[in-house]
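Heads up, the thing below is written out as structure tokens.
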Amino acid sequence: MTSSVSVGMEEEEDPSTKPLGRLSVFYYGVGHMLNDITASCWFTYLLLFLTQIGLSPRDAAIVMLSGQVADGFATIFIGELIDRFGHFKIWHAAGSLLVAISFSSVFGGCLPCSLLHSNSSTIETLSYSMFAAIFNIGWAATQVSHMAMVNCITLNSTSRVALTSSRNAFSMVANLGLYAIALVVFGVSEAVTKENTETQYRWIAYSSITVGCCFVVIFLMGTKEPRMKINLRETSRSRIPWSYWFRKILYYQVAMVYLLTRLVLNVSQAYLAFFVIDDLQMAQSAKALIPAIIYICSFVVSVMLQEIPWNGKRLKAYYCAGGIIWIFCGISILLLPRSINSYMYAISVFIGIANALMLVTAISMQSVLIGSELGGCAFVCGSLSFLDKMSCGLALYVLQSHQGTSPKVDVNIKEYFYFSVTRYGLGLVPAVCSLVGVVVTYFMELDSTILKPLCQPLLLE
């Protein structure tokens with residue numbers, strides 16, 4: 001009787017299941033800032049930048065696709081290495097270093113063109129594709145190590161969502177920081193020539209790298225290395241084979257939801273600037289104001305989500321709520337004429353709310369899937385990121401390949417508008433993906449109960 005009571009008290013006092021302090025959540029949250037600010041620049045401005053310097057829409061899509069493909073395969077490989085050898089912070093630091101070194105070249109001039117004294121579009125495309133691939137390999141190392149850490153830092157389901165919410169909140173801060181930098185750069189210099197355009201984006205890249213690296217240092221100094229060699233009460237901890245996850249129905253459901261959520265966010269982000277300027281013909285300031293509204297709303301919602309005690313049912317409910325909001329936003333964008341383009345500001349508020357609800361809960365579903373099976377946490381994060389990168393790359397390539405071919409359509413309103421690729425990319429694609437994501441989530445069975453408490457703390461002292 002006494003022994004059973006003492007065991008129960010040990011389980012209750014197990015530090016791995018206790019809620020984390022706010023400082024620990026903060027240190028973890030800032031660890032993805034460099035990735036977030038560079039990814040925001042990647043999805044928001046890469047296609048715009050490449051077409052402005054003279055590449056065709058198809059060549060610009062090839063550059064983005066090369067980066068996404070490199071990122072996708074790197075996530076699988078790096079995830080497997082992390083599961084085998086651990087050392088999350090080393091992978092994070094190495095990936096951040098590669099991102100910092102290579103990102104400026106993605107938005108810089110064509111180095112091979114200068115060396116070969118050639119203006120060939122083929123050489124330009126190959127050059128930018130090479131640097132895009134290098135950048136995305138570093139980005140993948142940082143992303144997988146940072147995402148997988150959540151599951152090894154704590155087994156408390158509410159704390160796991162708090163970590164994810166903090167990461168998403170600082171992601172919004174990074175995005176807002178990018179638009180502030182871009183607003184200053186675009187305001188103080190004009191892009192009259194190709195060289196001016198390259199200079200503008202190079203300064204945006206340098207500034208983004210500097211800001212992001214400062215937060216990487218804070219993360220590395222404030223976050224303890226998670227322990228990989230953990231002994232469970234019943235079995236010794238070992239690396240879980242891939243086949244274990246492939247036999248779980250929940251793996252495919254979570255993968256589908258995560259893939260669809262990333263499609264919603266990334267495709268809509270890539271075409272937002274095109275849509276407000278080309279389709280709605282709004283002022284140039286809208287190119288920065290509307291994304292800023294989206295990220296401010298996402299930041300507020302992400303902070304609020306940290307205060308909620310979480311379980312599987314709530315994850316499903318909040319995800320479905322975000323998906324339904326995006327469906328209505330997508331329909332509104334498809335039908336929004338230029339004559340009332342100011343309504344886009346109101347729509348952007350709801351997009352920001354929906355983005356936060358969907359992304360935080362979709363990532364948190366990965367933690368529920370992993371549970372206490374930490375031997376394959378990096379593989380799960382890596383494999384889901386692989387699906388995300390490949391699907392987003394292919395979707396953007398297909399959409400961008402048809403850019404500029406959509407006819408003008410009269411829908412019996414005061415003005416004509418385009419059922420264009422940008423309108424489809426910002427409205428139809430996210431709405432359909434959200435609908436499918438809601439359906440998959442509705443039939444998902446999530447269990448956030450921890451059945452096997454650990455006998456050692458998860459953080460190294």
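In what follows, residues are counted from 1 in the order of the sequence shown. Side-chain atoms are counted along with the backbone in the values below, which use heavy atoms only and exclude waters and symmetry mates.
No more than 12 heavy atoms of other residues, nucleotides or ligands sit less than 6.0 Å from atom CZ of F77. Counting non-hydrogen atoms of neighbouring residues, nucleotides and ligands closer than 6.0 angstrom, the CZ atom of F246 exceeds 12 such neighbours. Heavy-atom contacts from other residues, nucleotides or ligands closer than 6.0 Å to OH of Y442 number 12 or fewer. In this structure, I249 places its CD1 atom where only 12 or fewer heavy-atom neighbours from other residues, nucleotides or ligands lie under 6.0 Å away. Crowding of M390 atom CE: a count of heavy atoms from other residues, nucleotides or ligands under 6.0 Å exceeding 12.
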Chi angles and distances behind the side chain to side chain contact (heavy atoms under 4.5 Å, CB included) call for Y128, I53: CA-CA 12 Å; Y128 284 112; I53 63 172; 3.5 Å; yes

Criterion side chain to side chain contact (heavy atoms under 4.5 Å, CB included) on T223 and F88, from CA distance to verdict: CA-CA 11 Å; T223 304; F88 293 92; over 6 Å; no

Side chain to side chain contact (heavy atoms under 4.5 Å, CB included) evaluation trace for L47 with M64: CA-CA 8 Å; L47 295 177; M64 175 163 278; 4.2 Å; yes

Steps toward side chain to side chain contact (heavy atoms under 4.5 Å, CB included) verdict (L396, L65): CA-CA 8 Å; L396 290 172; L65 180 61; over 6 Å; no

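Residue G382 comes nearest to T75 through the heavy atom pair O-OG1, 3.1 Å, listed as atom of the first residue, atom of the second, then distance. Listed here is the closest heavy atom pair of C297 and I353: CB-N, 4.2 Å. Minimum heavy-atom separation, A169 to V303: CB-CG2, 4.1 Å. Here the closest non-hydrogen pair linking L176 and A292 is CD2-O, 3.4 Å. Nearest heavy atoms, S364 versus L315: CB-CD2, 3.7 Å. For the residue pair A395 and V267, the shortest heavy atom distance occurs at CB-CG2, 4.3 Å.
Under a 3.5 Å cut-off, the side chain of S40 and the backbone N or O of N175 do not form any donor-acceptor pair. A donor-acceptor contact shorter than 3.5 Å links the side chain of T142 to the backbone of S96. A distance-only check finds no donor-acceptor pair linking the side chain of Y343 to the backbone of S332 [under 3.5 Å]. In this structure, the side chain of S208 does not engage the main chain of I37 through any donor-acceptor pair within 3.5 Å. Of the possible donor and acceptor atoms, one in the side chain of W139 sits under 3.5 Å from a partner among the backbone N and O of N35. No donor-acceptor pair closer than 3.5 Å links the side chain of K89 to the backbone N or O of K224. Judged by distance alone, the side chain of E124 and the main-chain N or O of L55 form no donor-acceptor pair under 3.5 Å. Panel note: side chain N168, backbone S302; no donor-acceptor pair is recorded below 3.5 Å. Judged by distance alone, the side chain of S383 and the main-chain N or O of V380 form a donor-acceptor pair under 3.5 Å.
Side chains of P291 and Q269 form no contact here, defined as non-hydrogen atoms less than 4.5 Å apart. Side-chain contact check for L81 versus W91: some heavy-atom pair is nearer than 4.5 Å. Side-chain contact between M344 and M282 is present, with at least one heavy-atom pair separated by less than 4.5 Å. With a 4.5 Å cut-off on side-chain heavy atoms, V264 and L260 do not count as touching. Within the 4.5 Å cutoff, side-chain heavy atoms of I293 are placed close to those of V349. With contacts defined as side-chain heavy-atom distances shorter than 4.5 Å, the pair C41/I204 qualifies. The side-chain heavy atoms of I101 and F135, taken from C-beta on, include no pair separated by under 4.5 Å. Put simply, the side chain of L426 does not reach to within 4.5 Å of the side chain of L334, judged on heavy atoms.
With rounding to the nearest 0.5 Å, the separation of CG in L259 from NZ in K389 is 10.5 Å. To the nearest 0.5 Å, atom CG of residue L359 and atom OG of residue S165 are 9.5 Å apart. To the nearest 0.5 Å, the span separating CZ on R167 from CG on D36 amounts to 6.5 Å. The CD1 atom of I290 sits 11.0 Å away from atom OH of Y179, with the distance rounded to the nearest 0.5 Å. Rounded to the nearest 0.5 angstrom, L384 CG and Q366 CD are separated by 5.0 Å. Residue T422 holds its OG1 atom at 10.5 Å from OH of Y424, rounded to the nearest 0.5 Å.
Using a 3.5 Å distance cut-off with no hydrogens or angles, the side chains of Y258 and R262 do pair a donor with an acceptor. Residues S171 and Y295 have side chains that never bring a donor and an acceptor to within less than 3.5 angstrom of each other. There is no side-chain donor-acceptor pair under 3.5 Å between K248 and Q253. A donor atom on one side chain and an acceptor atom on the other are not found under 3.5 Å apart for W42 and N136.
When each of V106, L126, L50 is tested with V63 by the rule side chain to side chain contact (heavy atoms under 4.5 Å, CB included), just one qualifies, namely L50.
Contacts of T261 classified as side chain to side chain donor-acceptor pair (under 3.5 Å), with partners at least two apart in sequence or in another chain: Y319. In this view, Y397 satisfies the ring-ring contact (aromatic ring centres under 6.0 Å, His included) rule with no residue, not counting sequence neighbours.
For H92 and F219, the distance between ring centers is under 6.0 angstrom. Ring centroid separation for the pair F215 and H32 does not come in under the 6.0 Å cut-off. Taking the six-membered ring wherever Trp is involved, the centroid distance between the rings of F107 and F103 falls below 6.0 Å.
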